[in-house]
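Just below is one structure, and these are the notes that go with it.
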Amino acid sequence: MGSGRNKPIYDVVIVHTGQQKKSEAATLKVFLEQIGFTVFLDYEMPKAGDPHEKMEWALKSCRHTICIVSKKFLSQPDPRAELEYASLKRKWMREHDLYESMWTILFDLTLEAYKGAQENGGSKLPRLPALQKEETLYLYNSQSQDMDWPKMCQKIIRDIRKEEMVHKEKIAEWDTLVKYGVTPDPQRLYEHSDYLDSRETAEQPNKKKMRIS
């Protein structure tokens with residue numbers, strides 16, 4: 001993709017914890033870049049400027065978000081807020097008949113463990129029914145010797161490429177929406193105490209820009 005508002009626009013944003021940034025997330029980034037995707041990883045951001053502003057822009061403007069959800073991920077507010085925004089953005093895109101934009105990997109926990117975290121104070125985590133779509137939810141047991149992370153990366157990439165091939169016109173429509181700033185806005189994404197407490201309903205794409213606040 002090109003650039004909007006003089007800011008870089010990425011094909012993929014990888015949401016993760018620091019634990020995965022130079023291992024699984026970095027490996028996934030390499031595979032994606034090998035086939036021509038531009039990829040945002042937060043630890044590679046330029047030091048100048050507000051890092052939260054850069055992350056918010058990357059999340060709102062990217063074509064796809066890949067979330068590597070681990071046990072540690074669920075205990076940290078920033079990744080959880082990013083996961084919630086990615087889920088809301090996916091919902092908005094479905095409502096506007098676009099394409100699948102969110103791809104979730106449960107890295108070292110089961111669906112049952114995720115649900116347990118949700119029930120034990122994780123009310124801002126996306127509901128499991130919203131994640132349980134075979135093509136966009138991946139289970140990865142990082143403790144098993146049989147698990148192959150590069151193979152998992154390749155599977156996700158195949159699925160994303162298939163989504164882009166099937167929905168070429170929808171992808172182009174999204175690019176246009178980003179160009180004109182008509183996207184779900186992660187306003188106050190990192191203000192965790194009241195994040196999403198009073199978010200507004202999505203408007204039609206040709207109307208005033210929606211804000212999630």
Side-chain angles (χ1 to χ4, degrees), residues 1-90 92-93 100-109 114 117 122 124-126 131 136 138 140 142 149-150 152-153 156-157 160 174-175 178 181 183-193 195-196 211-213:
M1 294 177 67
S3 61
R5 301 181 182 181
N6 298 318
K7 299 177 182 178
I9 297 176
Y10 297 89
D11 296 315
V12 180
V13 169
I14 301 175
V15 174
H16 60 93
T17 63
Q19 191 176 22
Q20 278 96 36
K21 69 181 181 181
K22 292 187 178 179
S23 51
E24 288 81 18
T27 301
L28 178 57
K29 180 176 184 287
V30 169
F31 281 116
L32 286 161
E33 289 178 336
Q34 284 178 347
I35 60 167
F37 283 111
T38 56
V39 185
F40 178 93
L41 268 182
D42 54 0
Y43 79 93
E44 296 180 340
M45 287 187 295
K47 293 182 179 180
D50 183 348
H52 280 168
E53 182 179 320
K54 292 175 185 176
M55 187 71 192
E56 288 176 358
W57 169 253
L59 284 166
K60 71 180 284 187
S61 61
C62 68
R63 287 180 176 177
H64 305 279
T65 307
I66 301 176
C67 302
I68 306 174
V69 182
S70 64
K71 294 174 184 176
K72 187 173 182 180
F73 184 110
L74 297 179
S75 68
Q76 297 184 347
D78 280 8
R80 283 171 53 151
E82 292 155 7
L83 176 71
E84 174 68 4
Y85 171 72
S87 178
L88 287 168
K89 177 180 172 181
R90 176 192 55 197
W92 186 91
M93 294 179 77
E100 288 297 330
S101 64
M102 181 180 176
W103 312 81
T104 306
I105 305 166
L106 296 186
F107 182 72
D108 58 359
L109 69 164
Y114 182 95
K124 293 180 181 178
L125 294 173
L131 288 174
T136 61
Y138 306 85
Y140 184 86
S142 62
W149 182 251
M152 173 65 73
C153 293
I156 295 169
I157 290 168
I160 291 175
W174 171 253
D175 292 350
V178 171
T183 60
D185 193 343
Q187 189 181 38
R188 299 188 300 115
L189 175 61
Y190 296 101
E191 294 180 18
H192 307 294
S193 61
Y195 173 60
L196 295 176
R211 286 189 176 274
I212 296 173
S213 59

Spatial distance of atom [atom1] ([X]) from atom [atom2] ([Y]) [nearest 0.5 Å]:
X: D185; Y: L88; atom1: CG; atom2: CG; value: 12.0 Å
X: L109; Y: K72; atom1: CG; atom2: NZ; value: 15.0 Å
X: E82; Y: E56; atom1: CD; atom2: CD; value: 9.5 Å

Closest non-hydrogen atom pair between [X] and [Y], with its separation:
X: S61; Y: V178; value: O-CG2, 3.6 Å
X: A117; Y: L74; value: CB-CD1, 3.6 Å
X: W174; Y: K60; value: CZ2-O, 3.3 Å
X: S101; Y: R90; value: OG-CA, 3.6 Å
X: W149; Y: E24; value: NE1-O, 3.1 Å
X: T65; Y: A86; value: CG2-CB, 3.9 Å

inquiry  = Please enumerate all residues that pass ring pair (Phe, Tyr, Trp, His ring centres under 6.0 Å) together with F40, with sequence neighbours excluded.
reply    =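 With sequence neighbours excluded, F40 shows a ring pair (Phe, Tyr, Trp, His ring centres under 6.0 Å) to Y10, given in chain and number order.
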request  = Going by the side chain to side chain contact (heavy atoms under 4.5 Å, CB included) test, name the single residue among T136, L32, V39 that passes it with I66.
outcome  = L32
ask   = With respect to I105, which candidate in I14, I156, V69 satisfies the side chain to side chain contact (heavy atoms under 4.5 Å, CB included) definition?
value =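 Among the candidates, only I156 passes.
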task = List in chain and number order the residues that pass side-chain contact (heavy atoms from CB on, under 4.5 Å) with T17, two or more places apart in sequence or in another chain; answer none if no residue qualifies.
result = Q19, Q20, S70, F73, Q76, P79
Measure the shortest side-chain to side-chain distance between [X] and [Y] over non-hydrogen atoms and say whether it is less than 4.5 angstrom.
X: D78; Y: D42; answer: no
X: D175; Y: I9; answer: no
X: V13; Y: M55; answer: yes

request  = Would you please name every residue forming a salt bridge (charged side-chain N to carboxylate O under 4.0 Å, His left out) with K54, sequence neighbours left out?
outcome  = none
query = E44: what forms a side-chain hydrogen bond (donor to acceptor under 3.5 Å, both in side chains) with it, not counting sequence neighbours?
reply = K29
ask   = For the side chain of T27 and the backbone of S23, is there at least one donor-acceptor N/O pair under 3.5 Å apart?
value =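 Pair found, side chain donor or acceptor close to backbone of S23.
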task = Verify side chain to side chain contact (heavy atoms under 4.5 Å, CB included) between E53 and W57, making sure each step is shown before the conclusion.
result = CA-CA 6 Å; E53 182 179 320; W57 169 253; 5.8 Å; no
request  = Write out all pairs satisfying ring pair (Phe, Tyr, Trp, His ring centres under 6.0 Å) with one or both partners inside residues 15-38, taking only residues at least two apart or from two chains.
outcome  =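 Sorted pair list comes back empty.
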